[in-house]
Amino acid sequence: LLNQYDNAFGGCIWEYCDHSVAIDVNGKVGYTYGGDFDDHPNDGNFCVDGLVYPDRTPHVGLLEMKKIYQPYTAELVDFETGKITVHSKRQFSSLSDLSLAYTVECDGNVVLSGKLGSLEIAPGKSKSYKLFNAADFSIPGEYTLTLRFLYNTAYPYAAQGEENGFEQFDLFTLCGDEEADKKSIGCPLEYGEDERYIEICAGETCYRFDKVPGTIDQIVHEGKTMLAEPMTLEIWRAPTDNDQYDKNDWLDMGFDSFKPTVYGAGLAEREEDHITLYADIALGAAARAQGLYVKASYVFTRDGAVSAEYSVKRGAGVGSLFLPRFGARFIMPEGNERVEYFGYGPHESYSDKRLSARLSKFKTTATDNFEHYVFPQENSAHYGTRNAFVGNLFGHGLYFENLYDGETFSFNASHFRSETLTAAKHDYELVPEKQTVVCIDMRMSGVGSHSCGPKLAKEFRVDDEEFTCSFKLTPTIIH
């Protein structure tokens with residue numbers, strides 16, 4: 001409506017700043033909210049809802065607003081010739097104070113970059129540019145085009161060269177040699193089993209599968225223990241401010257305490273090039289109807305990888321509610337601080353909160369990959385992740401990737417579990433674990449605006465009656 005009618009305007013956001021009183025907590029600043037001073041009645045943390053933190057550090061919401069406020073739009077007219085059209089939304093001045101830098105990436109790696117001079121585009125007008133020829137690209141992978149609009153003039157609020165905004169486009173995917181990918185590589189598979197455990201090794205990579213919970217409980221690679229605790233399937237997330245009404249329903253159904261009941265687990269198939277294990281699992285809360293029925297399959301191959309696939313069906317124990325998430329959690333030992341991913345970043349992104357995120361390869365740490373909201377909650381996941389690595393500073397760790405083309409997952413790595421965030425009432429209460437908590441969420445509900453807006457839109461809910469999902473894990477050493 002705003003773009004269609006000149007007499008309409010909007011995007012007026014309430015409110016600018018988190019309202020909070022700062023207190024001293026052991027020599028550090030801690031932020032408080034309603035009820036912390038025995039004030040009654042109060043609205044809790046309802047007014048901690050700004051675009052910036054109390055100290056004016058930007059929230060991701062401010063970056064989302066900036067993206068929406070960009071004074072231009074861009075359109076990919078022809079991906080073969082790299083033709084784009086830039087349209088100015090300014091009413092009085094041209095875009096001449098902006099220059100355009102562009103990159104073409106293949107699987108997050110830059111294969112072409114360039115820069116145009118001043119954008120001499122009059123108010124309300126458009127101009128087209130040709131940036132590349134798609135025939136020049138031959139590396140197999142997923143191609144994207146990113147346009148960055150940079151200030152070529154210094155302002156009191158922006159330095160010369162600072163980014164004003166960006167646009168990104170999916171271009172195409174070039175396929176590789178499928179026959180080469182099918183070649184069997186690696187070491188012979190070794191298999192051992194007792195009453196409770198199954199052990200599968202491929203050279204220096206060994207997995208132990210526990211038939212009681214129906215999951216992998218140990219991974220050893222090149223003599224290094226990769227898991228501090230058994231892998232688990234998870235549906236709970238620390239409720240966001242916008243989950244506050246759904247949270248009560250989730251808690252009533254025991255979503256925060258779902259545990260597995262295994263009806264069967266063991267060997268499904270044993271071949272020279274792969275071994276398949278299965279687990280028939282129900283997830284649910286104690287003394288309640290089962291919530292989810294999961295048929296899990298784990299395929300171990302000679303290259304030391306394991307492919308996990310899940311067929312999930314809803315049960316009476318989830319009622320008509322949508323799930324916060326569905327994924328696998330890995331607790332890695334102390335020292336696994338290095339985090340890299342090919343997905344939407346560099347800050348947190350969700351299915352309905354990702355305008356300001358872009359698809360690329362990013363590097364961070366498990367410590368830095370955390371958003372310190374005044375009221376602890378789900379944070380810092382990365383929507384649309386194609387692959388991710390978590391390991392030590394020497395590059396020894398676990399590599400996660402999508403199992404099938406077109407599939408992605410939500411990725412997170414930090415030093416906090418969802419139950420830790422759920423129990424805390426203030427960020428200053430949080431004490432990071434030494435271990436690294438890795439979440440590979442094959443389904444993740446959006447965050448919405450339900451705290452003072454409509455319910456989460458259906459397209460962003462995990463509410464399928466049945467669904468299938470998967471990922472692949474490989475212990476590895478990268479450089």
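Keep in mind that what you see is a predicted model, and the values were worked out from it rather than measured.
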Inset, instruction - Could you verify whether a donor N or O on one side chain and an acceptor N or O on the other, from Glu334 and His415, lie under 3.5 Å apart? - result: no

Inset, instruction - Taking Ser445 for its side chain and Leu323 for its backbone only, find out whether a donor-acceptor pair lies under 3.5 Å. - result: yes

Inset, instruction - Please round to the nearest 0.5 Å and tell me the distance separating atom CD1 of Ile281 and atom CG of Leu292. - result: 11.0 Å

Legend entry - Matching residue for Arg237 among Asp256, Asp441, Asp246, Asp243 - test: salt bridge (charged side-chain N to carboxylate O under 4.0 Å, His left out): Asp243

Inset, instruction - Give a yes/no verdict on a cation-pi contact between Lys67 and Phe166, requiring under 6.0 Å between NZ or CZ and the six-membered ring centre and an angle within 45° of the axis. - result: yes

Legend entry - Test salt bridge (charged side-chain N to carboxylate O under 4.0 Å, His left out) applied to Arg196 and Asp210, step by step: CA-CA 6 Å; Arg196 176 167 180 173; Asp210 188 343; 2.9 Å; yes

Legend entry - Thr215 side chain vs Met231 backbone, donor-acceptor pair below 3.5 Å: yes

Legend entry - His450 versus Asn242, side-chain donor and acceptor atoms under 3.5 Å: no

Legend entry - Sequence neighbours excluded, every pair satisfying side-chain hydrogen bond (donor to acceptor under 3.5 Å, both in side chains) that has a member inside residues 464-479: Glu407-Ser470

Legend entry - 4.5 Å side-chain heavy-atom contact, Lys115 and Tyr102: no

Legend entry - Asp194, CG atom: more than 12 neighbouring heavy atoms under 6.0 Å: yes

Legend entry - Residue pair Pro140 / Cys175, side-chain heavy-atom distance below 4.5 Å: no

Legend entry - Check: Gly384 main-chain N/O paired with Arg386 side-chain donor or acceptor under 3.5 Å: yes

Inset, instruction - List the atom of Ala279, the atom of Phe209, and the distance in Å for their closest heavy-atom pair. - result: CB-CZ, 4.2 Å

Legend entry - Heavy atoms from other residues, nucleotides or ligands near OH of Tyr191 exceed 12 (cutoff 6.0 Å): yes

Inset, instruction - Using a strict cut-off of less than 4.0 Å between a Lys/Arg side-chain nitrogen and an Asp/Glu carboxylate oxygen, indicate whether Arg329 and Glu234 qualify as a salt bridge. - result: yes

Legend entry - Flag for Asp241-Asn45: side-chain donor and acceptor within less than 3.5 Å: yes

Legend entry - Whether Phe322 and Trp250 hold their rings parallel, tilted or perpendicular, with breakpoints at 30° and 60°: perpendicular

Legend entry - Tyr207 OH to His221 NE2 distance, which is reported to the nearest 0.5 Å: 8.5 Å

Legend entry - Presence of salt bridge, Arg417 and Glu433, under 4.0 angstrom: yes

Legend entry - Presence of salt bridge, Lys295 and Asp280, under 4.0 angstrom: yes

Inset, instruction - Tell me whether the centres of the aromatic rings in Phe400 and Phe330 are closer together than 6.0 Å. - result: yes

Legend entry - Any side-chain heavy-atom pair of Ser351 and Phe460 under 4.5 Å: yes

Legend entry - Leu233 side chain reached by Leu283 side chain, heavy atoms, under 4.5 Å: yes

Inset, instruction - May I ask you to decide whether Asp463 forms a salt bridge with Lys458, counting only side-chain N to carboxylate O separations under 4.0 Å? - result: yes

Inset, instruction - Could you verify whether a donor N or O on one side chain and an acceptor N or O on the other, from Thr422 and Trp236, lie under 3.5 Å apart? - result: yes

Inset, instruction - Examine distances only and state if a side-chain atom of Arg461 and a backbone atom of Leu456 form a donor-acceptor pair shorter than 3.5 Å. - result: yes

Inset, instruction - Work out which heavy atom in Ser257 is nearest to a heavy atom in Ala285; give both atom names and the distance. - result: OG-CB, 3.8 Å

Inset, instruction - Examine distances only and state if a side-chain atom of Asp136 and a backbone atom of Ala134 form a donor-acceptor pair shorter than 3.5 Å. - result: no

Inset, instruction - Count the heavy atoms of every other residue, nucleotide or ligand shown that sit under 6.0 Å from CD of Glu459, and state whether that count exceeds 12. - result: yes

Legend entry - Leu473 side, atom CG; Ile216 side, atom CD1 - distance, nearest 0.5 Å: 7.0 Å

Legend entry - Parallel, tilted or perpendicular, as decided by the 30° and 60° cut-offs, for the rings of Phe411 and Phe409: perpendicular

Inset, instruction - Check whether any side-chain heavy atom of Asn369 lies under 4.5 Å from a side-chain heavy atom of Asn412, and answer yes or no. - result: yes

Inset, instruction - Please confirm whether Phe132 and Phe137 have ring centers closer than 6.0 angstrom. - result: yes

Inset, instruction - Salt-bridge test for Arg354 and Glu64: reply yes if a basic N is under 4.0 Å from a carboxylate O, no otherwise. - result: no

Legend entry - Donor on one side chain, acceptor on other, Ser418 and Glu378, under 3.5 Å: no

Legend entry - 4.5 Å side-chain heavy-atom contact, Ile331 and Leu227: no

Inset, instruction - State yes or no: are the ring centers of His426 and Tyr428 separated by less than 6.0 Å? - result: yes

Inset, instruction - For Ser380 and Glu371, indicate whether the former's side chain and the latter's backbone hold a donor-acceptor pair under 3.5 Å. - result: yes

Inset, instruction - Answer whether the closest heavy-atom distance between the side chains of Thr144 and Gln168 falls below 4.5 Å. - result: yes

Inset, instruction - Sequence neighbours left out, what pairs pass ring-ring contact (aromatic ring centres under 6.0 Å, His included) with at least one residue falling in residues 263-294? - result: none

Inset, instruction - Evaluate the criterion side-chain hydrogen bond (donor to acceptor under 3.5 Å, both in side chains) for residue pair His382 and Tyr341; output intermediate values, then yes/no. - result: CA-CA 9 Å; His382 299 286; Tyr341 63 95; 3.3 Å; yes

Inset, instruction - List the steps and the verdict of side-chain hydrogen bond (donor to acceptor under 3.5 Å, both in side chains) for Tyr298 and Tyr310. - result: CA-CA 9 Å; Tyr298 299 95; Tyr310 305 95; 3.0 Å; yes

Legend entry - Rounded distance (nearest 0.5 Å) linking atom CD of Glu309 with atom SG of Cys469: 9.0 Å

Inset, instruction - Would you mind reporting whether Glu190 and Glu199 have side-chain heavy atoms less than 4.5 Å apart? - result: no

Inset, instruction - Decide whether Glu167 and Gln70 meet the rule of one side-chain donor and one side-chain acceptor closer than 3.5 Å. - result: yes

Legend entry - No-hydrogen, no-angle side-chain donor-acceptor test under 3.5 Å, Asp18 and Ser20: no

Inset, instruction - Drop me the distance from Arg288's CZ to Met253's CE, to the nearest 0.5 angstrom. - result: 6.5 Å

Inset, instruction - Decide if the gap between the ring center of Tyr143 and the ring center of Phe172 is smaller than 6.0 angstrom. - result: yes

Inset, instruction - Would you confirm whether the ring centroid of Phe370 sits within less than 6.0 angstrom of the ring centroid of Phe416? - result: yes

Legend entry - Side-chain donor or acceptor of Gln244 paired with backbone N/O of Thr240 under 3.5 Å: no

Legend entry - Pairwise distance SG(Cys201) to CZ(Phe300) - rounded to 0.5 angstrom: 10.5 Å

Inset, instruction - Any chance you could lay out the side-chain hydrogen bond (donor to acceptor under 3.5 Å, both in side chains) test for Thr146 and Glu105, step after step, and finish with the verdict? - result: CA-CA 8 Å; Thr146 303; Glu105 295 183 2; 5.2 Å; no

Legend entry - Arg443 NZ/CZ over Phe326 ring centroid, <6.0 Å and within 45° of normal: no

Legend entry - Within 6.0 Å of NZ in Lys224, more than 12 heavy atoms from elsewhere: yes

Legend entry - Results of side-chain hydrogen bond (donor to acceptor under 3.5 Å, both in side chains) for Glu348 - residues two or more places apart only: Lys353, Tyr373

Legend entry - Check: Asp352 side chain, Gly448 main-chain N or O, donor-acceptor pair, under 3.5 Å: yes

